[in-house]
Structure formats: structure tokens, C-alpha cells
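The next block holds one structure in the form of C-alpha cells; read it before the comments.
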There are 2 protein chains.
Amino acid sequence: MQKEHNLSRNQKIIFDLIDKSGEPMKAYSILFNVQKKGIKAPLQVYRALDKLVEIGKIHKIESRNAFIACQNSSCQISKATAFSICESCENVSEISNSKLSKYLSNFSDDSGMKYSKYNLEFFGLCKKCKSK
Amino acid sequence: MQKEHNLSRNQKIIFDLIDKSGEPMKAYSILFNVQKKGIKAPLQVYRALDKLVEIGKIHKIESRNAFIACQNSSCQISKATAFSICESCENVSEISNSKLSKYLSNFSDDSGMKYSKYNLEFFGLCKKCKSK
DNA sequence: CTTATAAATGTTATATTATTACATAGCGTT
DNA sequence: AACGCTATGTAATAATATAACATTTATAAG
Ligand SMILES: [Zn+2]
Ligand SMILES: [Zn+2]
Ligand SMILES: [Zn+2]
Ligand SMILES: [Zn+2]
């Protein structure tokens with residue numbers, strides 16, 4: 001069961017927008033879309049985004065400076081994320097593969113560093129784009 | 001043997017700077033540092049960075065918007081990269097672990113997508129920072 | 001050597017992404 | 001009420017990155 005975070009007004013507006021869109025959204029595109037709801041300034045958007053990332057409701061696609069709703073109910077905190085990104089149509093989806101996440105969560109090398117978090121982005125061509 | 005790319009003048013200036021620094025550098029910090037060598041505009045820096053990334057001499061640390069010289073002689077093209085990042089001191093190093101790269105290069109899920117590239121960033125505390 | 005072509009450069013302006021600083025409001029606990 | 005904490009509002013600005021256009025240099029072919 002996913003813990004319900006009580007989102008604040010701005011957080012809820014922004015999460016709903018991203019969630020409904022189903023694809024990565026950029027901060028200023030979000031801003032444009034919520035201006036009619038009274039959110040007028042970039043900082044209001046970035047603050048909500050920061051919080052939503054922190055509690056794992058959304059993730060940042062680092063290579064795209066964009067934010068997508070979490071598609072993986074088991075991932076309550078953004079500490080182990082993996083995405084597949086089509087370099088042609090820019091479609092992004094979250095990968096939830098338990099073997100992969102187990103492998104990466106347990107990964108350690110000889111640096112003596114204990115990793116508490118990772119983010120992985122795979123790139124390629126999606127089915128549609130491949131067949132064009 | 002690493003193929004020698006004949007770097008152009010600007011590319012060489014910028015690569016040498018990043019390589020000598022041994023740590024991730026940001027574009028505008030690079031710009032500041034090469035102004036005495038006649039590189040005056042952001043675009044000159046970004047063009048060189050783009051090329052250097054393309055040929056694998058440097059990599060972009062996406063979560064930091066910074067660029068680091070490749071520390072892995074076997075990685076001539078930036079198509080399979082992994083980094084360890086200390087969230088306290090921001091030290092970054094490139095991970096070259098053949099098991100990891102094999103695992104990720106061969107990774108496939110049920111999306112039907114063939115991945116040609118990946119970037120992985122691990123986060124944690126480095127030895128030094130852990131012991132503080 | 002000449003011509004063609006691609007790659008790189010120079011320059012100005014501008015777009016996009018993100019944060020600083022400061023003031024105010026709401027909410028739960030004691 | 002007094003406190004601490006989270007969230008909000010607003011203005012200004014910092015940091016990151018690209019568009020558009022003109023020119024020069026390197027490379028290769030004829
Ligand atoms: Zn998720
Ligand atoms: Zn596609
Ligand atoms: Zn490398
Ligand atoms: Zn450290």
C-alpha cells in the first residue's frame with residue numbers, strides 16, 4: 001500500500017497535470033499550463049517539483065530536464081530509478097524490472113563507497129520508431 | 001590502442017583543461033578559464049563539448065550539468081557510461097566494471113526496445129565523507 | 001593547383017532552466 | 001498564545017544552452 005502523502009494545493013495541481021499528461025513535462029511548460037490555476041512564478045513550480053521528486057511521486061529525467069509521474073507503485077522514494085528513452089520520438093517510460101533493481105541496488109565496486117541511490121537512463125529506438 | 005582524434009584548436013584547449021582538472025567542470029567555468037586563450041563565447045565552448053562528448057573524450061554528468069574527462073581507456077564512445085557521485089563533496093569518478101557494463105549492455109526488457117546506449121549515475125557518500 | 005565539401009570558428013542575440021532573497025500565510029504541537 | 005515547520009507569493013537574477021548568420025580552415029577529389 002502506498003503511503004498517502006497529503007499534497008499541498010500547488011503540489012496537487014502540478015502532480016495532477018504531470019500525471020495526466022503521461023509523459024515527461026518540462027518546468028516551464030508546466031508553468032504555462034497551471035497559470036490559469038493561479039501559479040504564476042517559476043519558483044512555485046520548482047518548489048512543488050522538488051517536493052514531488054523527494055517523496056517519489058515524480059522523477060526527473062536528467063538527460064531531458066523533464067519530469068514524469070512515477071509509473072511504478074513500488075517506488076515510493078526516488079532512490080532507484082531506471083528509464084527507457086526513445087531518441088527519436090522522445091517517448092519515456094519507467095523500467096520496473098526487479099532483477100535490474102536488485103542488481104543495481106546491491107552493486108558495489110572497489111572504491112569502498114556504499115551507494116544509496118542510482119539513476120539509470122537507457123537510450124534507443126522504440127518499436128514504432130524502429131519500424132519507420 | 002585508443003584512436004587518436006585530431007582535435008581542433010578549441011577542442012584541444014577545452015579538453016586539456018577538463019582533463020587536467022581531473023574533476024567535473026561546468027560549461028561557464030570552462031569558458032571563464034579559456035577566455036585568456038581567446039575563446040570568448042558560450043557557443044564556442046558548447047560546440048567543443050558536444051564534439052568531445054561525441055567522440056568519447058569527455059562525458060556529461062547529467063545530474064550535475066558538468067563534464068569530466070573519460071577515465072576509462074576502453075570507452076571510446078560515450079554509449080555506456082557509469083559514474084559514482086559523492087553527494088557531500090561532489091567527487092565524481094567513472095566506474096569501469098566489466099560485469100556491470102556487460103550486464104547493462106545486454107539488458108533488455110519486454111518493451112521490445114533495443115538499447116544502444118545507457119548512462120548510470122550512482123550516488124552516495126565517498127570514504128572520506130562517510131568518516132566525518 | 002583548383003574546386004568542392006565538410007568541419008570548425010567567430011559573433012551577437014536570445015531561449016531555457018533554475019535559484020536567491022525576502023515577506024507572508026497556514027498548520028500542528030505544546 | 002507561542003513555537004516550529006511547511007508552504008506560499010513575488011521580484012529579481014543566475015546559470016545553462018541554443019539559434020542564426022557570416023567567415024575561415026581542413027580534407028579530399030579532379
Ligand atoms: Zn518510480
Ligand atoms: Zn520512438
Ligand atoms: Zn569513459
Ligand atoms: Zn565525498
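Keep in mind the model is a prediction, meaning the values are calculated, not measured. Residue numbering restarts at 1 for every chain, and letters A, B, ... go by the order of the sequence lines.
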Produce the list of close N/O pairs, under 3.5 Å, pairing protein atoms with atoms of nucleotides 5-10 of chain C; give distances to one decimal.
from	atom 1	to	atom 2	distance (Å)
C/dA8	O3'	B/Ser8	OG	3.1
C/dT9	OP1	B/Ser8	OG	2.7
C/dT9	OP1	B/Asn10	N	3.0
C/dT9	OP2	B/Ser8	OG	3.4
C/dT9	O4	B/Arg47	NH1	3.4
C/dG10	OP1	B/Arg9	NH1	3.4
C/dG10	OP2	B/Asn10	ND2	3.0
C/dG10	OP2	B/Gln44	NE2	2.5
C/dG10	O5'	B/Gln44	NE2	3.4
C/dG10	N7	B/Arg47	NH2	2.5
C/dG10	O6	B/Arg47	NH1	3.0
C/dG10	O6	B/Arg47	NH2	3.4

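- For residues 120-129 of chain A, the set of pairs meeting the salt bridge (Lys or Arg N to Asp or Glu O under 4.0 Å) definition, not counting sequence neighbours, is empty.
- Looking only at distances, no side-chain donor or acceptor of B/Ser105 sits under 3.5 Å from a matching main-chain atom of B/Lys102.
- Residue A/Phe122 is found in a hydrophobic cluster whose other members, listed by chain and number, are A/Ile95, A/Leu100, A/Tyr103, A/Leu104, A/Phe107, A/Met113, A/Tyr115, A/Tyr118, A/Leu120, B/Ile95, B/Leu100, B/Tyr103, B/Leu104, B/Phe107, B/Met113, B/Tyr115, B/Tyr118, B/Leu120, B/Phe122; membership requires side-chain heavy atoms under 4.5 Å apart, directly or through intermediates.
- A heavy-atom distance below 4.0 Å to DNA chain C is reached by none of the residues of residues 85-93 of chain A.
- A/Pro42 has its side chain within reach of A/Leu31: a pair of non-hydrogen atoms, C-beta onward, lies under 4.5 Å apart.
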Just list the side-chain donor-acceptor pairs under 3.5 Å for residues 82-90 of chain B, sequence neighbours left out, or say none.
from	atom 1	to	atom 2	distance (Å)
B/Glu87	OE2	A/Lys117	NZ	3.2
B/Glu90	OE1	B/Arg64	NE	2.6
B/Glu90	OE2	B/Arg64	NH2	3.4

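- Distance check: B/Ser116 OG to B/Lys79 NZ gives 9.0 Å after rounding to the nearest 0.5 Å.
- Of all nucleotides in DNA chain D, those with any atom nearer than 4.0 Å to a heavy atom of chain A start and finish, going 5' to 3', at D/dA7 to D/dA11.
- Contacts between residues 16-27 of chain A and DNA chain D, defined by a heavy-atom separation below 4.0 Å, involve no residue at all.
- At whole-Å resolution of the value, OH in B/Tyr46 and P in C/dT17 are 13 Å apart.
- What separates OH of A/Tyr28 from C1' of C/dA18 is a distance of 6 Å, to the nearest Å.
- Note on the helix from C/dC1-D/dG30 to C/dT30-D/dA1: terminal axis deviation equals 40°, with five pairs used at each end and the result rounded to 10°.
- Here ring-ring contact (aromatic ring centres under 6.0 Å, His included) pairs that include residues 16-41 of chain B, with residues two or more places apart or in two chains, number zero.
- Within the hydrophobic cluster formed by Ile, Leu, Val, Met, Phe, Trp and Tyr side chains joined at under 4.5 Å, directly or through other members, B/Leu43 stands alone, with no partner residue.
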Indicate every side-chain donor-acceptor pair of residues 10-24 of chain B with a distance under 3.5 Å to a residue at least two apart or in another chain.
from	atom 1	to	atom 2	distance (Å)
B/Gln11	OE1	B/Ser8	N	3.0
B/Gln11	OE1	B/Ser8	OG	3.4
B/Gln11	NE2	B/Ser8	OG	3.4
B/Lys12	NZ	B/Asp16	OD2	2.9
B/Ser21	OG	B/Ile18	O	3.2
B/Ser21	OG	B/Glu23	N	3.1
B/Ser21	OG	B/Glu23	O	3.0

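- Legend: residues meeting side chain to side chain donor-acceptor pair (under 3.5 Å) with B/Ser111, ordered by chain and number and at least two apart, are B/Asp109.
- For the pair A/Asn65 and C/dT16, the criterion of a side-chain N or O lying under 4.0 Å from OP1 or OP2 is not met.
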Take B/Leu7 and B/Ile55, measure what side chain to side chain contact (heavy atoms under 4.5 Å, CB included) needs, and give me the verdict at the end.
-> CA-CA 10 Å; B/Leu7 300 184; B/Ile55 64 180; 3.7 Å; yes
